[in-house]
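Down below is the structure, laid out as structure tokens.
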Amino acid sequence: MTATPPVVPPVVTRFAPSPTGFLHIGGARTALFSWLYARHTGGVMLLRIEDTDRARSTPEATEAIFEGLRWLGLDWDGEAISQFARAPRHAEVAHEMIARGTAYRCWSSVEEIEAFRETARAEGRPPLFRSPWRDADPATAPDAPYVVRLRAPREGETVVEDVVQGTVTWKNETLDDLILLRSDGTPTYMLAVVVDDHDMGVTHVIRGDDHLTNAARQTLIYRAMGWDVPVFAHIPLIHGPDGAKLSKRHGALGVEAYRDMGYLPEAMRNYLARLGWSHGNDEFFTTEQAISWFDLTHLGKAPARFDFAKLENLSGQHIRAADDAHLLAELEAFLAAQKRPPLTEVQRSQILRAMPGLKERARTLLQIIDMASFILVSPPFAMDEAATKALASVPPETLEKLTSRLRNVTWAASDLETIVRDFAAAEGLGLGKIAQPLRVALSGRTVSLGVFDMMEILGREQSLARLDACIKAGS
RNA sequence: GGCCCCUUCGUCUAUCGGUUAGGACGCCAGAUUCUCAAUCUGGAAAGACGGGUUCGACUCCCGUAGGGGCUGCCA
């Protein structure tokens with residue numbers, strides 16, 4: 001007899017940002033974890049825009065979230081869902097709860113509630129509002145707008161089984177009768193989240209630690225409706241370098257800011273995945289590896305600090321590992337996004353040939369561009385003091401002598417190197433003494449790719465022209 | 001204030017009662033070298049503190065301290 005395999009429902013995760021700004025780095029990581037888990041399990045990740053706060057939600061912010069996710073390469077399944085559009089459904093559930101007796105109408109004014117809290121605080125009691133309408137005679141109900149409150153249990157405890165935080169318990173007396181429906185009939189976040197997650201069939205709620213307390217309140221709503229509670233995974237927040245909450249000063253920038261700094265999306269995914277999750281000692285990995293390795297059991301419990309140095313190192317590793325054509329494509333997309341002029345055909349092919357040298361020196365696309373300035377910027381170069389000095393370290397006659405020897409040789413890096421080395425030896429100079437002025441003549445800088453590689457990439461004509469120009473300027 | 005969570009090198013982390021506490025970034029020194037990178041070798045660097053439990057605690061329990069979150073008719 002063969003055992004029937006247990007029926008495991010497919011995993012459904014969701015990312016549910018509120019469109020009140022850009023997609024910040026913490027949200028991006030939450031999205032990444034939800035995405036990795038869905039892809040790892042062969043499940044789906046849904047996207048829901050929590051736009052019930054009409055005053056703060058904007059279409060621009062929604063678009064920024066889409067854009068950020070797209071750049072990061074995090075695709076979601078199906079159409080993004082607007083929470084606001086589901087308000088009628090939320091209200092319907094609230095009224096069903098009233099009918100079930102798990103919620104009630106409350107006519108207390110905000111002033112009354114405020115006064116209640118103040119005296120409670122003054123008397124040292126917990127400032128949990130206790131509505132007089134919870135057990136009021138329905139006959140006394142005024143004909144006026146009301147809010148709908150959850151009839152939360154006052155005894156016993158509520159337990160959240162969190163895969164990251166473990167078993168977390170609250171005494172029910174510390175939880176209040178939260179508002180489900182505002183006096184204008186619109187749903188609150190607490191209700192909307194539960195109804196949507198339930199209706200969307202979400203099995204795993206992966207979100208920031210800041211929602212842990214909300215998980216208890218939401219559990220109450222699930223129970224009141226007799227719904228299954230999803231698996232919760234509350235991941236620790238990302239902090240700034242000083243340990244405090246991430247501010248704009250640190251890394252709380254929109255993901256597009258990282259794109260603008262020239263980080264590769266694959267590097268961003270790698271870095272973010274490593275912040276709070278681990279797979280043994282693996283630091284550098286591809287997205288495919290992350291998908292196959294990702295699980296919820298190796299998530300850390302402590303908040304992590306954002307570290308640009310490590311991100312940059314990882315970015316450098318991804319650039320070095322990327323193939324040249326891919327990098328060129330990323331570079332051109334970057335240039336376009338930065339509204340910089342596109343590459344000419346010549347520049348494209350030169351950069352492609354320079355790529356092996358460029359990518360081992362750069363940690364961001366911005367650095368590739370900078371290192372490729374000998375291709376992108378045409379002479380005469382604006383030289384700094386060190387460059388001018390290096391160029392003048394050798395008399396123009398020496399440079400002229402060398403240049404004339406280069407006029408009719410095979411134009412390949414290795415041959416050029418032999419010739420220059422021989423020349424330096426004949427002049428009684430170290431190669432460095434000759435290479436440095438050469439470098440400046442070719443690139444206008446004291447830091448660049450290898451001089452022979454640059455000569456080969458630039459070609460005979462351009463290389464000699466640059467040398468001639470320097471000789472002319474120097475004599 | 002109340003409730004809840006967290007705490008291993010500067011940073012990200014491994015460890016799931018027995019390790020010289022490992023790796024990575026960064027840092028320092030050296031090698032290589034036409035500059036810069038890259039690469040290689042070596043080095044400094046950690047269990048917040050105090051109590052327990054145990055033959056034995058980074059690991060389990062309690063307390064303290066520090067950090068964080070929630071405490072809205074925001075999400």
Side-chain angles (χ1 to χ4, degrees), chain A residues 16-20 50-53 55-57 83 106 108-110 113 117 120-121 124-128 145 147-149 160 162 164-166 168-171 173-176 178-184 186-190 192-193 208-217 234 236-237 239 241 243-245 271 274-284 298 300-314 316 320 357-363 367 371 386 390 417 420-421 424 430-440 443 445-452:
Chain A
S18 47
T20 53
E50 311 236 307
D51 51 358
T52 53
D53 185 342
R56 294 200 301 154
S57 301
Q83 187 161 65
C106 169
S108 296
S109 68
V110 286
I113 297 167
R117 289 204 178 108
R121 223 180 276 266
R125 284 184 289 112
L128 294 178
V147 300
V148 176
R149 285 182 185 273
V160 169
D162 191 281
V164 176
Q165 307 293 343
V168 187
T169 307
W170 286 263
K171 287 187 180 63
E173 66 203 43
T174 66
L175 269 14
D176 63 354
L178 51 93
I179 292 176
L180 269 11
L181 237 42
R182 302 185 186 102
S183 51
D184 64 359
T186 60
T188 59
Y189 161 79
M190 218 59 80
V193 170
D209 217 354
D210 49 341
H211 287 291
L212 185 58
T213 312
N214 291 338
R217 302 192 173 96
H234 287 95
L237 268 18
H239 287 180
K245 201 176 174 179
Y271 178 70
R274 202 62 193 65
L275 226 47
W277 173 78
S278 63
H279 183 263
N281 281 337
D282 293 307
E283 300 283 349
F284 171 78
H298 288 81
K301 304 174 86 168
R305 300 184 189 203
F306 196 91
D307 182 13
F308 273 102
K310 184 136 185 176
L311 167 61
E312 189 148 323
N313 172 275
L314 233 25
R320 264 171 271 142
L358 292 172
K359 68 186 186 185
E360 73 177 27
R361 289 173 171 79
R363 292 178 294 277
Q367 290 173 14
M371 201 45 85
E417 175 160 4
V420 176
R421 276 187 189 279
L431 179 58
K433 290 294 285 179
I434 283 294
Q436 205 54 4
L438 252 183
R439 179 188 323 286
V440 174
S443 69
R445 303 188 174 197
T446 52
V447 172
S448 77
L449 303 198
V451 287
F452 310 114

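The chains referred to below are lettered A, B, ... by the order of the sequence lines, with proteins before strands, and numbering in each begins at 1. Because the structure is predicted, anything quoted here is derived from the model rather than measured. Heavy atoms only: backbone and side chains are in, while hydrogens, waters and symmetry mates are out.
Within 4.0 Å of A/His211, counting heavy atoms only, lies at least one base atom of the nucleic acid. A/Leu449 comes within 4.0 angstrom of a nucleotide base, judged by non-hydrogen atoms across all strands. Heavy atoms of A/Asn214 sit under 4.0 angstrom from at least one base atom. Counting any heavy atom pair closer than 4.0 Å across all strands shown, A/Ser443 reaches no nucleic acid atom. No engagement by A/Thr186 is indicated, since no non-hydrogen atom pair under 4.0 Å with the nucleic acid exists. Within the nucleic acid shown, A/Phe452 comes within 4.0 Å of at least one base atom, counting heavy atoms only. At the heavy-atom level, A/Gly208 lies nowhere under 4.0 Å from the strands shown. Looking at heavy-atom distances under 4.0 Å, A/Leu275 makes contact with sugar-phosphate atoms alone, never a base. Using a 4.0 Å heavy-atom distance criterion, A/Ser18 is classed as a sugar-phosphate-only contact. Looking at heavy-atom distances under 4.0 Å, A/Arg320 makes contact with sugar-phosphate atoms alone, never a base. A/Arg117 comes within contact range of the sugar-phosphate backbone alone, with a heavy-atom separation under 4.0 Å but no base atom that close. Residue contacts shown for A/Gly432 are limited to sugar-phosphate atoms, with no base heavy atom under 4.0 Å away. Within 4.0 Å (heavy atoms only), A/Pro236 reaches no atom of the nucleic acid at all.
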I'd like to know whether A/Val420 forms a side-chain contact (heavy atoms from CB on, under 4.5 Å) with A/Leu438, so could you lay out the CA-CA distance, the side-chain angles of the two residues, the decisive distance to 0.1 Å, and finally the verdict.
CA-CA 10 Å; A/Val420 176; A/Leu438 252 183; 4.2 Å; yes
After noting the C-alpha distance and the side-chain angles of A/Tyr271 and A/Phe308, does the key distance pass the ring-ring contact (aromatic ring centres under 6.0 Å, His included) rule?
CA-CA 10 Å; A/Tyr271 178 70; A/Phe308 273 102; 8.5 Å; no
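Checked by distance alone, A/Asn281 brings a side-chain donor or acceptor within 3.5 Å of a matching partner on the base of B/G22. Put simply, the side chain of A/Thr188 and the base of B/C73 share no donor and acceptor less than 3.5 Å apart. Interface remark: the A/Arg217 side chain does not form any donor-acceptor pair with the B/U71 base, using a distance-only criterion of under 3.5 Å.
A distance of about 25 Å separates the C1' atoms of B/U71 and B/G63, rounded to the whole Å. Taking the C1' atoms as reference points, B/G18 lies 11 Å from B/U59, given to the whole Å. Annotation: B/U41 and B/C6 have their P atoms spaced 39 Å apart (nearest Å). When the P atom is compared between B/C62 and B/C70, the two are found 25 Å apart, to the nearest whole Å. Nucleotides B/G66 and B/G72 have their C1' atoms positioned 28 Å apart, rounded to a whole Å. A gap of 32 Å separates the C1' atoms of B/G67 and B/C73, to the nearest Å.
Distance CZ (A/Phe306) to C1' (B/G26): 15 Å, rounded to an integer number of Å. The nearest whole Å value for the distance from the CG atom in A/Asp210 to the P atom in B/C6 is 15 Å. B/A24 atom C1' lies 9 Å from atom CG of A/Leu314, rounded to whole Å. Separating the CG atom of A/Leu128 from the C1' atom of B/G2 is a distance of 8 Å, rounded to the nearest angstrom. The nearest whole Å value for the distance from the CZ atom in A/Arg361 to the P atom in B/U33 is 16 Å. Rounded to an integer number of Å, the gap from OH of A/Tyr271 to P of B/C25 is 14 Å.
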Under 4.0 Å protein heavy-atom contacts per nucleotide of nucleotides 42-48 of chain B, with B for base, S for backbone only and - for none
-------
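The partner of B/C70, taking Watson-Crick or G-U wobble pairs whose two distances both stay under 3.5 Å, is B/G2. Base-pair partner of B/U15: not found among the strands shown (Watson-Crick or G-U wobble, both distances under 3.5 Å). Pair check for B/U64 finds B/A48; Watson-Crick or G-U wobble, both atom distances under 3.5 Å. Base pairing annotation: B/A57 forms no Watson-Crick or G-U wobble pair, as no partner gives both donor-acceptor distances under 3.5 Å. In a base pair of the Watson-Crick type (N1 to N3 plus N6-O4 or O6-N4) or a G-U wobble (N1-O2 and O6-N3), with each distance short of 3.5 Å, B/A31 is matched with B/U39.
Side-chain contact annotation: A/Arg439 with A/Ser448, donor-acceptor N/O pair under 3.5 Å present.
Listed nucleotides: B/G68, B/A75, B/C34. Nearest to the side chain of A/Leu431: B/C34. Side-chain atoms of A/Glu50 lie closest to B/A75 of the nucleotides B/C73, B/A75, B/C5. Closest to the A/Ala309 side chain, of the nucleotides B/C25, B/A37, B/U35, is B/C25.
Put simply, OG on A/Ser108 and CZ on A/Arg149 are 6.5 Å apart, with the number rounded to the nearest 0.5 Å. With values rounded to the nearest 0.5 angstrom, A/Leu275 atom CG is found 7.5 Å from A/Phe306 atom CZ.
Between A/Lys301 and B/C6 there is a side-chain N or O to OP1 or OP2 distance below 4.0 Å. Residue A/Thr52 has a polar side-chain atom (N or O) positioned under 4.0 Å from OP1 or OP2 of B/A75.
Residue-to-nucleotide proximity on RNA chain B shows that, of A/Met190 and A/Gly300, the 5′-proximal contact is made by A/Gly300. Across the interface with RNA chain B, nearest-nucleotide mapping of A/Ser183 and A/Val451 shows A/Val451 to be the residue nearer the 5′ end.
Among A/Asp209, A/Asp162, A/Asp210, the one residue that satisfies the side chain to side chain donor-acceptor pair (under 3.5 Å) test with A/His234 is A/Asp162.
By the side chain to side chain contact (heavy atoms under 4.5 Å, CB included) test, A/Ala424 is found to be paired with A/Ile434, residues two or more places apart in sequence or in another chain being considered.
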